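The block underneath contains the structure these notes are about, expressed in structure tokens.
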Amino acid sequence: MRNRNSGKISSKWIPVFSISFFFLGMLFTNRLWAPPESNSQLISSHRREQELQIISEDCTTKKEKPGQEKDVMDEVYRTHEAIQSDRSLDKSMSMLQMELAATRSTQEIGRSDGSSSVSASSHEGPPRKKAFMVIGINTAFSSRRRRDSVRETWMPQGDKLLKMEEEKGIVVRFMIGHSATHNSILDRAIDSEDAQHKDFLRLEHVEGYHELSAKTKIFFSTAIAKWDADFYIKVDDDVHVNLGMLAATLARHRSKPRVYIGCMKSGPVLSQKNVKYHEPEYWKFGEDGNKYFRHATGQIYAISKDLATYISINQPILHKYANEDVSLGSWFIGLEVEHIDERNMCCGTPPDCEWKAQAGNVCIASFDWSCSGICKSVENIKFVHEKCGEGDEALWSALI
């Protein structure tokens with residue numbers, strides 16, 4: 001009986017063994033079998049592996065090509081530097097496009113009306129002459145004495161006129177159109193005068209006082225087709241001009257792309273009929289008593305080449321108001337144009353311009369506001385020239 005009882009395990013140890021085996025089983029399970037991951041955990045793990053691979057490849061690439069990024073930055077810098085150092089490139093391209101359009105425009109106009117205009121025909125002949133500025137002196141058939149007074153004062157003649165063109169690039173011409181009758185006595189008189197002095201620019205235009213706006217458009221279109229100049233100037237034949245001072249003043253604005261230079265004003269819009277400078281389209285400028293927009297007075301003004309080209313291209317659709325100076329100013333409204341108010345272009349006659357000359361401030365142009373020019377210019381322009389002229393050497397020593 002004793003031997004049988006000794007081979008059995010006491011019942012009090014059974015709970016102890018059960019608990020021990022339970023913990024051993026838990027420990028064995030955790031070490032051999034890892035719990036399965038959820039779907040979100042798998043996706044996150046895959047993304048981390050991809051990011052690490054991309055970062056690793058990028059770093060490897062940079063290590064393999066350390067100079068590539070520097071080369072790209074150097075190229076960008078050189079390109080930027082080249083653009084900054086050549087600011088005129090955009091202007092040059094714009095001018096080439098405008099000149100091409102002007103050529104096409106004048107040729108199309110010539111074909112459409114069946115005429116051979118000066119602008120169109122000039123492109124078929126020799127190339128345009130290079131010049132610094134082209135001055136068109138507005139004149140009429142009845143103004144022979146005015147023209148002679150200009151020739152005797154501020155406008156060089158003969159060999160001096162040619163020398164001024166060749167050495168200084170300054171072209172001066174009396175601009176005039178034709179009479180309504182073909183080959184009339186008026187036209188023949190101008191032909192004879194031109195044969196003597198060789199200082200006319202004939203325009204495809206029928207002369208008339210109320211056609212000054214049209215004449216202005218045709219002048220710029222004709223001049224830019226004949227001469228490749230930096231500036232184009234219109235001046236009346238009863239105004240005194242110091243060419244050297246004009247050239248030196250314009251030279252200061254040579255690098256600017258679009259300039260409109262003159263004595264800027266903004267006069268009243270005259271709605272009353274039968275008055276001088278009446279504006280039939282006064283209603284376009286608002287209520288009675290309103291003023292015009294800023295524009296240069298018509299006695300003398302200058303525009304840069306691209307503005308003259310713009311007029312040439314758009315000549316058929318540029319609106320003409322009653323007053324020529326207003327018309328010109330309206331053509332530049334809405335454009336990127338710099339208006340330069342140059343008061344030296346509208347000095348008075350002596351003693352005004354004389355006092356300024358004595359003070360070292362020589363005037364560009366002199367005239368009387370009361371007469372819209374020099375009063376009785378044929379008789380008085382010589383006096384103005386003596387008192388307010390810049391001297392013969394000023395033109396040749398002017399820095400252009």
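On a predicted model such as this, the values are computed, not experimentally measured, just so you know.
Using a 4.5 Å heavy-atom threshold, the side chains of Glu342 and Ile364 count as touching. Using a 4.5 Å cut-off on side-chain heavy atoms (C-beta onward), Phe200 and Met175 make no contact. No side-chain heavy atom of Asn138 sits less than 4.5 Å from a side-chain heavy atom of Phe219. Using a 4.5 Å cut-off on side-chain heavy atoms (C-beta onward), His178 and Val206 make no contact. Proximity of Val326 to Tyr277: side-chain heavy atoms (C-beta onward) are nowhere separated by under 4.5 Å. For the pair Phe231/Val259, a side-chain contact is recorded, criterion being any heavy-atom separation below 4.5 Å from C-beta on. Tyr292 is not listed as a side-chain neighbour of Lys265, based on a closest heavy-atom distance of 4.5 Å or more. Using a 4.5 Å heavy-atom threshold, the side chains of Phe285 and Phe293 count as touching.
Val239 and Ser366 get closest at one heavy-atom pair: CG1-O, 3.8 Å. Of all heavy-atom pairs between Val362 and Glu390, the closest is CG1-CB, 4.0 Å. Ser221 and Gln315 make their closest contact through OG-NE2, 2.9 Å (heavy atoms, listed as atom of the first residue, atom of the second, distance). Considering every non-hydrogen atom in both Ala140 and Asp237, the closest pair reads N-OD2, 4.3 Å. When all heavy atoms of Asn242 and Gly389 are compared, the pair lying nearest together is OD1-CA, 3.5 Å. His278 and Leu270 make their closest contact through ND1-O, 3.2 Å (heavy atoms, listed as atom of the first residue, atom of the second, distance).
Counting non-hydrogen atoms of other residues, nucleotides and ligands closer than 6.0 Å to NZ of Lys320 gives a total of 12 or fewer. Annotation for Trp283: atom CH2 does not count as buried by contact number, only 12 or fewer foreign heavy atoms lying within 6.0 Å. Within a 6.0 Å sphere centred on CH2 of Trp355, heavy atoms belonging to other residues, nucleotides or ligands number 12 at most. Counting heavy-atom neighbours within 6.0 Å of Asn183 CG, excluding the residue itself, gives a total above 12. Dense packing is recorded around NE2 of His319, with more than 12 heavy atoms of other residues, nucleotides or ligands lying under 6.0 Å away.
Between the side chain of Lys168 and the main chain of Ala398, a donor-acceptor pair closer than 3.5 Å is present. Panel note: side chain Ser192, backbone Ala189; no donor-acceptor pair is recorded below 3.5 Å.
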Under the ring pair (Phe, Tyr, Trp, His ring centres under 6.0 Å) rule, what do Tyr310 and Phe220 come out as? Steps first, then yes or no, please.
-> CA-CA 10 Å; Tyr310 172 82; Phe220 286 123; over 10 Å; no
Apply the test side chain to side chain contact (heavy atoms under 4.5 Å, CB included) to residues Glu279 and Ser271: give CA-CA distance (whole Å), side-chain angles for both, the deciding distance (0.1 Å), then the verdict.
-> CA-CA 6 Å; Glu279 178 58 74; Ser271 59; over 6 Å; no
Output, in order, the C-alpha distance, side-chain angles, deciding distance and verdict of side chain to side chain contact (heavy atoms under 4.5 Å, CB included) for Arg258 and Glu338.
-> CA-CA 6 Å; Arg258 291 168 297 277; Glu338 181 179 356; over 6 Å; no
How far apart are the C-alpha atoms of Val384 and Ile374, what are their side-chain angles, what is the distance that settles it, and do they pass the side chain to side chain contact (heavy atoms under 4.5 Å, CB included) test?
-> CA-CA 9 Å; Val384 176; Ile374 297 175; 4.2 Å; yes
Worked verdict on Lys256 versus Ser304 for side chain to side chain contact (heavy atoms under 4.5 Å, CB included) = CA-CA 8 Å; Lys256 299 176 181 179; Ser304 54; over 6 Å; no
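Under a hydrophobic clustering in which Ile, Leu, Val, Met, Phe, Trp and Tyr are joined whenever their side-chain heavy atoms come within less than 4.5 Å, directly or via other members, Tyr321 and Tyr301 fall into different clusters. Linking ILVMFWY residues whenever their side-chain heavy atoms come closer than 4.5 Å, directly or via other members, leaves Met164 and Leu162 in distinct clusters. Clustering ILVMFWY residues whenever any of their side-chain heavy atoms sit less than 4.5 angstrom apart, transitively, puts Ile333 in a cluster other than the one holding Leu318. When the side chains of ILVMFWY residues are joined at heavy-atom separations under 4.5 Å, either directly or via intervening members, Trp154 and Val378 end up in two distinct hydrophobic clusters. Residues Met345 and Leu243 fall within the same hydrophobic cluster, defined by Ile, Leu, Val, Met, Phe, Trp and Tyr side chains chained together at heavy-atom separations under 4.5 Å.
When only modelled atom types and interatomic distance are considered, Ser377 and Asp238 share no side-chain donor-acceptor pair under 3.5 Å. A donor and an acceptor atom, one from each side chain of Asp187 and Ser179, are located under 3.5 Å apart.
Taking the charged nitrogens against the carboxylate oxygens, Asp236 and Lys234 do have a contact shorter than 4.0 Å, which makes a salt bridge. Contact check on Asp199 versus Arg151 returns a salt bridge, with a Lys/Arg side-chain nitrogen under 4.0 Å from an Asp/Glu carboxylate oxygen. The existence of a salt bridge linking Glu193 and Arg144 is confirmed by a sub-4.0 Å separation between a basic side-chain nitrogen and an acidic carboxylate oxygen. Residues Lys376 and Asp368 are not paired through a salt bridge, judged by the lack of any N-O separation under 4.0 Å between the basic side chain and the carboxylate. A salt bridge is defined here as a Lys NZ or Arg NE, NH1 or NH2 lying under 4.0 Å from an Asp or Glu carboxylate O, and Lys284 with Glu281 meets this definition. One finds no salt bridge joining Arg294 and Asp341 here, because no Lys/Arg side-chain nitrogen approaches an Asp/Glu carboxylate oxygen to under 4.0 Å. One finds a salt bridge joining Lys382 and Glu152 here, because a Lys/Arg side-chain nitrogen approaches an Asp/Glu carboxylate oxygen to under 4.0 Å. The pair Asp194-Lys198 does not count as a salt bridge, with every side-chain nitrogen at least 4.0 angstrom from each carboxylate oxygen.
Lys305 forms no cation-pi arrangement with Trp227, by the criterion of a distance under 6.0 Å to the ring centre and an angle within 45° of the ring axis.
From Leu395, atom CG reaches atom CD of Glu167 across 10.0 Å, with rounding to the nearest 0.5 Å. The structure places CD1 of Ile176 at 5.5 Å from OG1 of Thr139, a figure rounded to the nearest 0.5 Å. Note that CG of Leu328 and OG1 of Thr297 are 11.5 Å apart. Values are rounded to the nearest 0.5 Å. A distance of 10.0 Å separates CG of Asp352 from CD of Glu354, quoted to the nearest 0.5 Å. Between Cys353 atom SG and His240 atom NE2 the span is 8.0 Å, to the nearest 0.5 Å. Distance CD1/Ile218 to OG/Ser213: 11.0 Å, rounded to 0.5 Å.
Aromatic rings of His385 and Phe383 (six-membered ring for Trp) have centroids beyond the 6.0 Å cut-off, not under it.
With Glu165 as the partner, the salt bridge (charged side-chain N to carboxylate O under 4.0 Å, His left out) test is satisfied by one option alone out of Lys160, Arg173, Lys130: Arg173. Considering His295, His339, His253 in turn, His339 is the only one that fulfils the ring pair (Phe, Tyr, Trp, His ring centres under 6.0 Å) rule with Tyr260. Among Val171, Leu246, Asp230, the one residue that satisfies the side-chain contact (heavy atoms from CB on, under 4.5 Å) test with Met133 is Leu246.
Cys pair Cys388 and Cys363 fails the test of SG atoms under 2.5 Å apart.
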